[in-house]
Structure formats: C-alpha cells, structure tokens
There are 2 protein chains.
Amino acid sequence: MRELDETDLEILQLLVADARRPYNEIADAVNLSPPTVSDRIDRLRDLGVVKRFTVDLDRSLLSDGVAVLVDLHVEPGRVSEVRNGVEGIDGVEHLFVTADGNVIFHARLRDGAVEPLLTDAIDIDAVREYDVKLLEDSAWHPEPRGVEFALECDECGNSVTSEGESSHIDGELYQFCCSSCQSQFEERYEDLKEAA
Amino acid sequence: MRELDETDLEILQLLVADARRPYNEIADAVNLSPPTVSDRIDRLRDLGVVKRFTVDLDRSLLSDGVAVLVDLHVEPGRVSEVRNGVEGIDGVEHLFVTADGNVIFHARLRDGAVEPLLTDAIDIDAVREYDVKLLEDSAWHPEPRGVEFALECDECGNSVTSEGESSHIDGELYQFCCSSCQSQFEERYEDLKEAA
DNA sequence: CCTGAAAAATTACGTGA
DNA sequence: TCACGTAATTTTTCAGG
C-alpha cells in the first residue's frame, strides 16, 4: 500500500491554512477529483497524521487569566507521573517533556497561584523545584512551511517516499522506505519475538 | 453590540474539539437553529476570536527532525525584534515571550544545529545567551476548559454570563453577574455620591 | 433568531485504468 | 489499488418574517 506522497503533503498544507476549503478547491490545486481528495483526507485521519479538525482561537480575547510557563524539575523516575498529573490541570494548553526530565507547561490561570494547583494535581515531592515565568505573548504556527515532510523509515530512519512500504504488525503501523527495510525489520521483529 | 455570551463559548468548545461538526449538531447542543449558529461563527471570526479553521497534525509522523525547546535570553529592548525573527524560522511551532524578556520557542529541526538557524534569522548580538533542551514529548490541549468569560462583574469580579445584568449609571455601563451584585453596587454608589 | 427552500459540499457507489 | 463520474445525501446559505 502506498503511504504519503507529495499530493498528500500538499493537501495537508492547504488544510492547515484553511480547513474549510471545499474539496473541489483542493482537488483543483492538486489535480484530483473531489471524491479522491475526500478519500485521501480520510486516509490521513486513519493514519493519525491528521489528529483533528479544529479552530485556532485568540485566547487573549477569551480569558482574563494570566498566561504562565512553568518549568518543573522532576525527581528521576517520576516524570511520567508528573506529566500525567499536569495534563489534568485546568487551563494547561501545552506541555513539554524534556529529554533531561523536566516537565514544562504553558497554562492560562485565573490567578497567579501555581503552588496550590500543583499540590492538587501531583505529588509535590516528585518536584525538586519549579520556576514560573509570566508570559506576555504566545503564538502557534500551524504552517508546516519549509519543514521536511517525511515519514521516517522504522528500519533505517530515512524519509519515506511514495515508493515506501508499510506493515501492520501486532496492531501497530510501521513505515519503511523500501521493501528491503521492511523485510529486515520484520525479520528482526520475528527474532525478537522468538527470543521472548 | 452584544459581546460574547455563554452560548458562544459553548460553540467554541465544540469547534475546538471538532471543527467539522455540522451546524445542526452544534445547534442542537446549544438550542439554536443552524443558521443562527452559522451567524455566530461568522461573528466569532469577525471578532478575531476564531483566528482560523485548521488541522492539528501529528508532526512526529511527518517530520524526521528533532523537537527542541529553545530559550533565548534577549538583550533589553530587543525582544520584539527577536520574536519576529524567530517567527520566521522554519519548523517553529510555538513561541512564547516571557514578561522578563525571554523568547522561548518549540521547534522541530532537521538537525540539532540551532546556532546557524539563529544567526540566520536574527541578529545574534541581541541574544545574551541561549539554552536548548531536547524534547521527548509534547502535547497540545486545545480545549478551552477553564476559559473565563471576558466580562467581569463590577461588584464581585466573577465572570458575567448570559444571566447577568447591566446598568447605565451616570453615562457608564456596568456589568454584573447577578441582580444582587447589581443592587449592592448601586447602593454603594448612591452612598458614595451622597457622601461627596 | 426562526422556518423553509435553494445552493453547495460531501459521501457512496459503480466502473475503469 | 487508485481514481473518476454520477447520483444520493448532508450541510450550509439565503429569503422572508
């Protein structure tokens, strides 16, 4: 089965810029028929590339809260616990987990009191220290602009083009840049399974 | 002209969760007719509350870059210059400006080399120092959950809903969340006037 | 802001490359 | 498998009150 190709990427770019564009307009732009565009978008959703259709809101117009960026220095081994707790805090818009184990989140809070929220949502002992920065401005750039659009080959890491392959293995979808990577991966996977 | 009311916020929440929901479904949820929902959404766009209809992509599937969080400590007075430069960098998804003048951005970069990108996009002299953190995970919570209504009760400070009241007093318009706040305010106002 | 009708967009389905 | 055309269906927009 063919995975993502250039046309899919063009469709994505058009949707990111304006998700209400009618299919016939997209179809014109990518030289396909509207039903085909529809099929492709369905597939992009199935693949998980399109997570959702949504609206980009100007939150400063909606909320009278204070936007903050909170940086939690988490005790080793408790990152995912803290991460999950933070996700449940009201007003949290973005959440980042750094490779060295910090959990950073962007939230809009009714008052500046971060501490009670934290003690409420997580075991505060899991946090060595934290740092709160008031935000003046924030922006979201959904445009994929110059970003290289490429699925990574799960075997060699190269980008996956329209010549690539994919396999469903044990309910997971894996992407490959070529059939040799695919078979190599499947072999290794089998070996791993046997070893277990 | 009427500002935002509870119904608008409900509509926004529904759209954020799924911008493809048909108007009749939204209409049912908020007890309006589909054309009215359409009118309201148009107004929300005109007001700038809805900036755009878009799709939320899973970039980890698309880009083989590395996700990083970069914290720029900017020279005083050059924040907006740096901010604008950063906005132009390819792969930048989120950008935050802190009250104390840091510009922080979340980007997915093809390679780990941040420095050349920075020197390319901005005058590096404007940055005192910077800090790059590799990201392991990030999440976006578009739900406006704790979103507060923009109008504050002039008596108690709570948010004003569609059940609220308003009074013209001496040429000024005051908003209240309920009639008791309204009368309390008016009483105090009278007393204040008499005292003067 | 509503109802009801017209216009437009999306989806379903059968066919062919 | 992928795409298309046509037709059915759903959704959005437009009038008029």
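So that the names make sense, note that chain A is the first sequence line, chain B the second, and so on, each numbered from 1. Just so you know, these numbers use all the heavy atoms, side chains as well, and skip hydrogens, waters and symmetry mates.
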Please report, rounded to the nearest Å, how far the [atom2] atom of [N] is from the [atom1] atom of [X].
X      : N       : atom1 : atom2 : value
D42(B) : dT11(D) : CG    : P     : 18 Å
D46(A) : dT1(D)  : CG    : P     : 14 Å
D39(A) : dG14(C) : CG    : P     : 15 Å

Hey, are the side chains of [X] and [Y] touching, using non-hydrogen atoms and a 4.5 Å cut-off?
X      : Y      : answer
F96(B) : H94(A) : yes
L47(A) : L61(B) : no
L57(A) : L15(B) : no

Quick tally for nucleotides 3-10 of chain C: nucleotides whose base has a protein heavy atom under 4.0 Å get B, sugar-phosphate-only ones S, the rest -, giving BB----SS
Please round to the nearest 0.5 Å and tell me the distance separating atom CG of L135(A) and atom CG of D100(B).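 Separation between the atoms: 9.5 Å.
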From OH (Y23(A)) to CD1 (I11(A)), nearest 0.5 Å: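 If I round to the nearest 0.5 Å, the distance is 9.5 Å.
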List for me each residue that meets salt bridge (charged side-chain N to carboxylate O under 4.0 Å, His left out) alongside E25(B), sequence neighbours excluded, and say none if there are none.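 Salt bridge (charged side-chain N to carboxylate O under 4.0 Å, His left out) check on E25(B) returns R21(B).
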Does dC1(C) have OP1 or OP2 sitting under 4.0 Å from an N or O in the side chain of R40(B)?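 So the side chain of R40(B) is within the cut-off, an N or O lying under 4.0 Å from OP1 or OP2 of dC1(C).
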